[in-house]
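First comes the structure, then the notes that go with it.
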Amino acid sequence: MSPLPFDPLLLAIAAPLAVALAIALGLPKRFSVKLAYVGFALPALLALHCWYYFPADAADGYAFVTQYGTGLSALGISLKLGLNGIALPLFVMAGIVGLAAGLYAIQSGAERLKLYLMLLLIMQGGLMGVFASIDVFFFYFFHELALIPTFIMVGIWGGRDRNYAAMKLTIYLTLGAMLSLAGLIAIYVQSGANSFDLIELRRALGEAPLALSLQKYLFGLLLFGFGILVSLWPFHTWAPLGYGAAPSSVAMMHAGVLKKFGLYGFIQIALPLLPQGAPSWTPLLAWLALGNIVIIGLVTIAQRDLKQMVGYASVMHVGYGLLGVACLSVLGAGGVVLFMVAHGLTVALLFMLTTSIYHRTGTFDMQEMGGLAQKAPVLAAFFLTAMLASIGLPGPGLLNFWGELAIFMAVYAHAGWMVVPAVLGVVISAIYGLRAVGSVFYGQPTENFLAHQQKHPVTDLRWNERIPALILLVTLIALGIWPRSISDPINATLSAFYPAIEAVATRITP
Amino acid sequence: MNIGLNDYLFLSALLFALGFFGVLLRKNTLVIYMCLELMLVATTLALVAFSRYNGTMDGNVFVFFILTVAAAEVAVGLAIIVALFRRRLTVQVDELNALRN
Amino acid sequence: MTADLLFYIFSTFTLACALAMVVHRNAVNAALCFLLALVGVAGLFVLLEAYLLAVLLIFVYAGAVVALFLFIVMLLDVKGGRRSNFTKSTLVAGTGAAALLAVGLLSLHTHGRITATLPAGPGVGASLKGYAYQLFTTYLLPVQIVGFMLLIAMLGVIVLSKRHAGMEDVK
Amino acid sequence: MTFAVMNPELLRAAAASNHWAAIFPEMALGILALLLLVLELALPKKHHGLIPAVAIFGQIGLLAWLWFNFNSIVIGQETFNGLLHHSLDGQFMRAFFLVSSIFVCLLGTIALAKQKMPRIEFFHIVLVVTAALMLLAQSNHFLLLFVALETVTIGFYILISYFRSNPLSLEAGLKYLIMGGLSSALLLFGIVLLYGVAGNPALPSSSANAMNFDELRAFLAANPGNFLAQIGIIFVLAGVAFKIGAFPFQIWVPDVYQGAPTPVTAFLAVASKAAGFAVLLVLVLRAFAPYAALTVPVLSVLAATTLIFGNLAALTQHNVKRLIGLSGVSHAGFLLLGVVAAVINPAALGAVYFYLAAYLLASFAVFGVMTHLAGENDADQELDHYVGLGRENPFLALVLAIGLGSLAGIPPLAGFMGKLLVFISAFQAQLYPLLALAIIGVVISIYYYFGWIRIVFFETWRAPLLAGETDNRPARTPVAWPAGLALGLLAFTTVLLGFYQGGFGEWLLNR
Amino acid sequence: MTPVQNALALLFLPLATALVTALFFRRQPAVGRALSLVAAAGIVLLGGRLIFFTENFTIAAEWLSLGPLTIKLGILVDDLTKLMLFVVAFIGFLIHVFSIGYMKGEAHAARFFGCLSLFMFSMIGLTLADDLIMLFIFWELVGLSSFLLINFYYDRPAAVLASKKAFIVNRIGDFGFLLGIILAYWAFDTITLVDIAARLDTSPDLVATSIALLIFCGAVGKSGQFPLHVWLPDAMEGPTPVSALIHAATMVAAGIFLLCRVGVIMTGDALTVILWTGVVTALFAGVTAFGQRDIKRILAYSTISQLGFMVAAYALGSLVALRNGADQALAGVTAGAAAAMFHLTTHAFFKALLFLGAGSVIHASHHEQDIYRLGGLWKKMPITFATFTLGTLALAGAPFFSGFFSKDAILLLAWQYQPVVFGLLLFGALLTAFYMTRLWSAAFLGAPRSDGAEHAHESPASMTVPLVLLSIGAVLAGYGWFYPSALAVVPTAALALLQGEGHTLVAVAGSAAFVFGAGLGLLFYRPGATGDFLQQRLPALYHVMAERFYIDALYDWYVAKVQQRFAMLLNFLEQILLAGLIVRGFAGLVGLLGLGARALHTGSLNAYVYWFLLGLVILWAGVAGVFNLQ
């Protein structure tokens, strides 16, 4: 347990929000930026602290549990914070990605920087809250808290099509969030626990499970709610568009962390609470996930816009997560958690570097670049590493590989042949990944790019860009080399409450 | 057949419906307003009839209030209509549709 | 029987006047019809032994309200004939509405019959005292409210109608 | 029985039950209103600027009084011969109307400053209407209900047409007049039917005091399925539906909202609507409770259509006053959902009240900004006028965003908690189809709320002005400190209630 | 230093130098070179210590545990490891030395040496792996290093394309490999090689065959077997030392090493498929080599062909053993594995030698790679010429050279298994001699036919010394006594095969194939010819061969016309149909409804009154019970 005299989780959530408030109240820009460093660093440090002190014996329960009333005790809502083995890795990942995104944002010198940092800090607070909440209501609440700045930031600082993108993003995500909320409320109401406390809900539903048909309805609701939020095919079209338009730090935090809400919701809430409802939906989920992997994979190949491509790639990779969820097993779910951490770090890195590329080329069109490695070898190295990680190449992407491997193993065990198209995704991602690296960095620059270089001399990655990149990359590689640092807590937690799910799970394919 | 409560009630409803129909149909604001008044009167008729047949006083007292309210309403309403006429020079509702869509 | 006959007379008269009011093109005539209809209703009030109310109706409604209407109609000098003929759509809608209203009336008449009623005894509304007692005891609060209502109505009419110094006023 | 009322003993008792102290706030408001008129006469003209301050601070004082006497001794009792029923709900609504009135007065000072208009009457009427609203929410008798309602309605006729130099204001007044008159007639007809049926001595549990809600309830409970009573109920509901702007009685809303002076629009949107809901709650939960089999489906249908229609109609609207009016219609749908839930499960009442409170805060935040941005022509407030507000006046922009966000039900704002509570209640009442529609409604509503926010904050291209062309957008009004303080308070409370409902939440949900 | 520490030091030394170079010395070629060389030397030392002074051992630790999945990673040092390690360390070191001369004056040499160190790390990891997952991880890492080194000249579009092709084609193979691992895990409940051997009998036959073939897919990709061989000739775009080390001696042979490692899971059906893949590859690549004029490409096709031999050898040995009634559990070094690994070893020597020789030629003749534009180099570059000749002889299977023995062992197995296979492989051997003679004769004999060749002169010592050392290996690696006892297990087993039935006949046939092939070569490809014989006489056939039987074209067609167009089609559907028609259409529909709802506000009071009537109707309908659904 934490030796700190205060609640690390609450502080990790409150610190960025407090800094945001201070900025909103009119802190001068100089101090705002300095304080923003604190606001971004504190959650990351506290997350690492919690990781370090995470007790191995917190197997079925939670560590660092605290509870604060907010005035809705009549409904069983309270701010109950804590981490279990599933939440911990994501909490840490959220801290790290948030730190990197924050650092990148500070150096970006965006217009209206104060507002930008303020919104980003709110987002960071929300992200930390999502994974630290035991209370299901606050789980949702923090997600929304982080989501709102996303909309605004896409709209204000976004790129091409930002107006349409922001609108589409907002409407889609609101729909997803509303469906999820409906599902969560329904679970709350039907459980009879009169509490949104996940532990209470789990206990209540463990003792008296809901009727089978009800579980089916509710799981369906959550499936589409969470599905839209994680860009399940064919409800994904908001994602590439939104990410294509989003400012980099937002894309980093949303695609990297916030989007994991849905998958996390499946693993932490939907499956444990509705174990019997899940099996009737998993074939559909698996098929749609294959749609993510194969169809979106191929669509990704056809992209010319680098940022859209990264967006599509992230949509594609989400398919692995969904497929892992559909397996309804410790292995699948554990693989998904590993994969989420890996994917979060990777995709954040990719979005960041994509923007760095844009600053040097003045375009996202991959056919208007070329030869950038000659001028910016460090950027090239980072991008190549990130891209290889994202395509799951063991090495830089060792953690991605572990996640994918566990998912594939689970898919074969529960869905047989479906593992073939799933693994095929590995080939597909190699195709678009290398194509991107090749056309951006290798070969000769195009004439337009040369003309651009005349006006804007290309420099290599600056240190204030390198540091956030390094933070992400080092975390990714370190976790990849020693995955047990996160897989053991995951395994312990999942093994505690997944047997009930595995007991009723059926094979996805005959 | 003796005339009873039902007949008064039906008459009242008929007058009410007639007033409603007038409100639906007429284009002159003043006439519409008169039709509204007719509806109020129709209700008072029912009220008085109920009061009479149920043997309670409240209905009659209510009529008292209704009449007062109607008078006040008419005063304000006509003031509005007059003020509007001074700006628009019309009391036809199909010409008073600047606020729409 | 006299009462019944009177009822028929009054009710027919009232209905006829009301109908004339609703359909008459000229607003002045409509107002006059309204006046007559009110007289009919007052007659019915008398049949219902609500004498005070009948008098009030004539005073307040016929005397004040309709007079006000007439006054305004004439003041505004609206040419009643200016109203355009009914267009086809209004005709259809009007017919539909009339049909709906008729259906409503019919169903009210058939389903809503009050079967058990007291034989008409001495009417409670006949006594002036009753009104006074009620208004000054039980319904004192509404009376006070109505007082305030009249106050604001008066203020409102002033605000809406009075020419204020320094205000640009159209025409 | 006939002459029972004549019995001096009973009359004395009736007079004794006129417990004037129980309606101290209403009386105080009336006296304050009169005081304003007296001050207008007594004070020299140059000091007339003080009068609105007197109105506002008087009401703030009254609010403080209410705060300290919230759990008044008359709670749970009936006074004025059963005309009034005092309850905690009533106390809440009192405070609600008082707060709305304070903000309306505040907005009134801003809006009236832009017009050449007599001022004092405005505040006077607002105060009287507020007092009537308070009585309306506590009424326990159809006669009082009608009289109070008519007082409110007549007050609103005047307030809506208050900017009489603007024909649109008058037109709005006329429309409200006709539609209001019609709805009053419907309501009245319903009351008459109920009175007549419930007073019929031949029927079981009939009452000599049939307009009293408790008596009526007893009668209805003893006479299930009475046709005339049902017709009466739906006519009463039609009258109330007009007040709350439920489909299809909402049709007047955009026109009237657009034409009315902005503070009055706010008053209509918040206080008048809330009064409608207070009445509706009293009626369906108490008077009509035995006829839930009728009220629940009917209100459900109204809620469903209201939700969908309000949101759809607002979708393509570009006049902000109409937009907010139509969005208000959809809020009425949500509130109706809460009311239906409350009929089935009375615990949902707290949700409705929370929703109302959140709606008040957010609406006044939005209307406050609208009032500041309104130009000479109060009815002409287009979305275009908000372009660049985020840069020019970040404070107003922020307040507006918080207000709109709360109306849209975006966490972590109060409006979201309101929606959440309503949703939970609706779930508990198992109103699943309505919930589905509500969710669709929320998603659609995001489009126009967010569209508005987008216009405020996002840079959009504007056609450059041609030579000689002037910017037709009204000039920005600077924010004076009292208004700034009030708006800041509204925004802050909206955010705070989103995060932390604290004692307020506990109180509402545990009553 | 314990053996484990030794192995770990061996593994991480090159990684450390690669990292240090990448982090600090990117712009100092001299430092990078020195570091890399130190690492290579260190590898020789540490590797030598591991090979010669350490018993075989295995060690593993749990790396990941999720539910039923437990993955242990670890190190396995056995005879196979040691032989492979020897090849990697020794040849790697020589190639490092060679690179010093070859990469002189290259601005980005630090990157080159960094990547080379990275490759050494990956390759050593691959060699030491005790389980399929670790094998796969390093398998991918060698692919990555190969990718980085092929596009070392990343400003050349051809190099970029080649590297991409190499990576993606390898990924296709790895697709199967990974599936194979997944199947294997669920079949055997472990991915540790030693444990798999112990649990073998539990797997049903079809699954076992699938597993074997899927894992073989990895080998097909990495070892350039037909039809995934297309990347290997293109990979010659990398610097020549890279071609020598990675694309001839070590990495491409990893497929063979993999097969030998997983020998225990093979089944008869799988082996038959493997055999024919190997045979087809051997012949196909041999024939294609005739259509090539680029010296490195010819060597590349020869490499593919030889890899085909090794694959065939592996399959043959196991098939023969199976037919001879051996138990399916073919643990230890089987005959096939021995023959394949033996050929791998000798091939590593002579092919590295040939590539380095080619590098020396290219370096000297200012990057002239067309054999018909070289010529006359025997005089100008005597050491290169001599060593290259030795290498050619070894590859062509001249009697008493290393290649002769290793190829003989394969032919003998083929003879024992089936005459048809024997005949085909013998023909392959003949082709080898034939096209090597063509190369040798055109590049070295006759007169110089270009400025580059004209001005060529012998390479510096850093390049020639490795040539000489390698040529010793090329000549002698076929003899058992060449190997120290620690390495001798595999060669001994392979050489033991030569005592098998029919050995004389096969030896004679092998020798005859060499003589015949070389003779044909000298006959058709006269020294000093300015053009290709086949090109002049049979241009159509030559064209087909030069176009590599259109297989590359087929791939290009597939990528450009099928895959890309399909992707574009899906993208079109995504953008136009889904995001456009459906999503925007739906939004538009809602918008239209909104416009409709807005249009209902006509502003006319009369119309509004109708709404009230409608409201009454709705409410009345409620009274009539219309809404009471139950």
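First the proteins, then the strands, lettered A, B, ... as listed; each starts at 1. All values reported here derive from a predicted model rather than from experimental measurement.
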Rounded distance (nearest 0.5 Å) linking atom NE2 of A:His143 with atom CG of A:Leu229:
4.5 Å
Proximal component of A:Phe142, with respect to chain D [non-hydrogen, under 4.5 Å]
neither
Go through the atoms of A:Ala24 and report whether side chain, backbone, both or neither lie under 4.5 Å from a heavy atom of chain D.
neither
Identify which part of A:Tyr217 has an atom lying under 4.5 Å from any heavy atom of chain D, answering side chain, backbone, both or neither.
neither
Side chain / backbone / both / neither for D:Phe499 at chain A, heavy atoms under 4.5 Å
both
Value for CZ (A:Phe151) from CE (A:Met167), rounded to nearest 0.5 Å, stands at 10.5 Å
Please say which of D:Leu496, D:Thr493, D:Val99 ends up in a side chain to side chain contact (heavy atoms under 4.5 Å, CB included) with D:Leu361.
D:Thr493
Give, for atom CG of D:Leu312 and atom CD of D:Gln317, the distance between the pair rounded to the nearest 0.5 Å.
13.0 Å
Quick check: do A:Ser32 and A:Leu117 have side-chain heavy atoms less than 4.5 Å from each other?
no
Judged by modelled atom types alone, do D:Tyr447 and D:Asn311 share a side-chain donor-acceptor pair under 3.5 Å?
no
Non-hydrogen atoms of chain D under 4.5 Å away: do they reach the side chain of A:Tyr68, the backbone, both or neither?
neither
Between A:Ile77, A:Ile152, A:Leu147, who has the most heavy-atom pairs with chain D when the cutoff is under 4.5 Å?
A:Ile152
Determine the option with the most heavy-atom pairs under 4.5 angstrom with chain A, choosing from D:Tyr432, D:Phe450, D:Tyr500.
D:Phe450
Chain A heavy atoms under 4.5 Å from D:Leu435: which part of the residue, side chain, backbone, both or neither?
neither
Counting only heavy atoms not in D:Phe492, do more than 12 fall under 6.0 Å of its CZ?
no
With chain A, which of D:Leu398, D:Ile440, D:Leu420, D:Ile410 has the greatest number of heavy-atom pairs at distances under 4.5 Å?
D:Leu420
Quick check for you: among D:Ile444, D:Asn510, D:Ile424, which has the greatest number of heavy-atom pairs under 4.5 Å with chain A?
D:Ile424
Proximity of A:Tyr264 and A:Phe226 rings by center, below 6.0 Å
no
As a test of understanding, state which of D:Leu337, D:Leu336, D:Val340 forms a side chain to side chain contact (heavy atoms under 4.5 Å, CB included) with D:Ser300.
D:Val340
Tell me, for A:Leu72 versus chain D, whether the close heavy atoms (under 4.5 Å) come from the side chain, the backbone, both or neither.
both
Segment of A:Leu181 engaging chain D (4.5 angstrom heavy-atom cut-off):
side chain
With a 4.5 angstrom heavy-atom cut-off, which part of A:Tyr140 approaches chain D: side chain, backbone, both or neither?
side chain
